[in-house]
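Take a look at the structure set out below.
Residue numbers run from 1 in the order of the sequence given.
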Amino acid sequence: MKLLDITTSETPSLYIFGYGSLVWKPDFKYKRSNVGYIKGYSRRFWHGDNFHRGDKDMLGRVVTLVEDHEACTWGVAYEVSDSQMEESLQYLNVREAVLGGYVTKMVEFTPREKCQGSLLALVYIATSDNPTYLGPATPTEIAAQIAICRGNTGHNIEYLLRLAEFMRLYCPEVEDDHLFSIEAAALALVI
């Protein structure tokens, strides 16, 4: 399988893979987007957020990627053209790295459309050495925290529900037990 190398002059574009709020709220300029997946990672609500979906006193829970060689995570890859790259990366570095505590990594993205080949994409990942990293908890514990948190961008439960909605609309055949069990537990608390 040939990967598209974003560092060559053949491609004046950068691909950015989103698996959390970027799937519904990219808020940066891009040329086009593709639904697809990356292998080797599981999406987990293990990262604390003290700005967008929580605050310094009550951290919200947002997703990060955890290495898992058997897993794949579905999301959206955004193609950012050369002319959009600087502005988009400046925005994302503030949103994801400065305010979110994420680091970047290059991953292999496979588009859902089989006529397209795999390509390299930039992804933001919160690691366990981040001070706001919360780590594993039961779906009920995560849901209880999500149900009561709010940050500058809105309620933490909105983040959870929008991510679950994206998966149902764009990846209906994909089982995401972690996401859907937290969603069910959170809805049971608020309904």
- Could you walk me through whether L65 and T73 pass the side-chain contact (heavy atoms from CB on, under 4.5 Å) test, one step at a time? CA-CA 8 Å; L65 296 176; T73 296; 3.8 Å; yes
- Query: Between atom CD1 of I38 and atom CZ of R43, what is the distance when rounded to the nearest 0.5 Å?
  - Reply: 9.0 Å
- Message: Please check this pair: side chain of N130 against backbone of A126, looking for a donor-acceptor N/O pair closer than 3.5 Å.
- Response: no
- Decide yes or no for F45 and H178: does some side-chain heavy atom of the first lie under 4.5 Å from some side-chain heavy atom of the second? yes
- Query: Roughly how far apart are H52 NE2 and N50 CG, rounded to 0.5 Å?
  - Reply: 9.0 Å
- Query: Residues in salt bridge (Lys or Arg N to Asp or Glu O under 4.0 Å) with R61, at least two apart?
  - Reply: none
- Message: Apply salt bridge (Lys or Arg N to Asp or Glu O under 4.0 Å) to residues K39 and E70 and explain how you reach the verdict.
- Response: CA-CA 8 Å; K39 290 183 177 180; E70 303 300 313; over 6 Å; no
- Could you grab the distance from atom NZ of K31 to atom CG of L14, nearest 0.5 Å is fine? 12.5 Å
- Chi angles and distances behind the side-chain contact (heavy atoms from CB on, under 4.5 Å) call for L120, Y15: CA-CA 7 Å; L120 287 176; Y15 293 85; over 6 Å; no
- Item | Y19 vs L163 side-chain heavy atoms within contact, under 4.5 Å | no
- Query: Are the side chain of S88 and the backbone of K29 linked by a donor-acceptor contact shorter than 3.5 Å?
  - Reply: yes
- Query: So do the side chains of Y102 and T127 get within less than 4.5 Å of each other, counting heavy atoms only?
  - Reply: no
- Go through the side-chain N and O atoms of S81 and S13 and say whether any donor and acceptor fall under 3.5 Å apart. no
- Query: What pair of heavy atoms forms the shortest contact from S42 to A71, and how long is it?
  - Reply: OG-CB, 3.2 Å
- Message: One pair to check against side-chain contact (heavy atoms from CB on, under 4.5 Å): M106 and L122. What are the steps and the verdict?
- Response: CA-CA 5 Å; M106 296 305 292; L122 180 74; 3.8 Å; yes
- When you check the gap from the basic side-chain N to the acidic O, do R168 and E173 get nearer than 4.0 Å? no
- Item | Cluster check V103, W46: I/L/V/M/F/W/Y, side chain < 4.5 angstrom | no
- Query: Linking I/L/V/M/F/W/Y whenever any side-chain heavy atoms sit under 4.5 Å apart, do I182 and L59 land together?
  - Reply: no
- Message: Please list all pairs meeting salt bridge (Lys or Arg N to Asp or Glu O under 4.0 Å) that have one or both residues in residues 124-153, counting only residues at least two apart or in different chains.
- Response: none
- Quick one: do L92 and V23 end up in the same hydrophobic cluster if we chain Ile, Leu, Val, Met, Phe, Trp and Tyr together by side-chain heavy atoms under 4.5 Å apart? yes
- Query: Is a side-chain N or O of R162 found less than 3.5 angstrom from the main chain of I157, in a donor-acceptor match?
  - Reply: no
- Side chains of F180 and M167: does their closest heavy-atom pair fall under 4.5 Å? yes
- Query: Looking only at heavy atoms, which two atoms of C171 and V35 are closest? And how far apart?
  - Reply: SG-CG1, 3.9 Å
- Query: Looking at S118 and P111, what are the two nearest heavy atoms and their distance?
  - Reply: CA-CD, 4.2 Å
- Which residue pairs pass the salt bridge (Lys or Arg N to Asp or Glu O under 4.0 Å) test when at least one of the two sits in residues 15-28, sequence neighbours left out? K25-D27
- Task: Hey, can you tell me if F109 and F17 have their rings parallel, tilted or perpendicular (30° and 60° cut-offs)?
- Result: tilted
- Message: Are I148 and L187 connected into the same hydrophobic cluster when the rule is that any two of I, L, V, M, F, W, Y join if their side-chain heavy atoms are below 4.5 Å apart?
- Response: no
- Message: Do L22 and R95 make a side-chain contact, defined as non-hydrogen atoms from C-beta onward lying under 4.5 Å apart?
- Response: yes
- Item | Test of ring centre spacing under 6.0 Å for W24 and Y159 | yes
- Query: Taking it one step at a time, do E67 and Y41 satisfy side-chain contact (heavy atoms from CB on, under 4.5 Å)?
  - Reply: CA-CA 4 Å; E67 284 191 36; Y41 294 92; 3.7 Å; yes
- Do the ring centers of W74 and Y37 come within less than 6.0 Å of each other? yes
- Query: What distance do E96 atom CD and I16 atom CD1 have between them, rounded to the nearest 0.5 Å?
  - Reply: 10.0 Å
- Gap separating the CD atom of Q145 from the OG1 atom of T140, nearest 0.5 angstrom: 13.0 Å
- Item | Student check: side-chain heavy atoms of R112 and N34 closer than 4.5 Å | no
- State whether a side-chain donor-acceptor pair under 3.5 Å links H47 with T64. no
- Message: Under a 3.5 Å distance rule, please check whether R53 uses its side chain to pair with a backbone N or O of C149 as donor and acceptor.
- Response: no
- Would M58 end up clustered with L160 when hydrophobic side chains under 4.5 Å apart are linked, directly or stepwise? no
- Message: Aromatic contact between Y78 and F28, with the criterion being ring centroids under 6.0 Å apart: yes or no?
- Response: yes
- Task: Flag the pair L179 / D177 as yes when at least one side-chain heavy-atom distance between them is below 4.5 Å, and no otherwise.
- Result: no
- Note on the structure: Distance col, row S128:OG vs L134:CG, nearest 0.5 angstrom, shows 12.0 Å
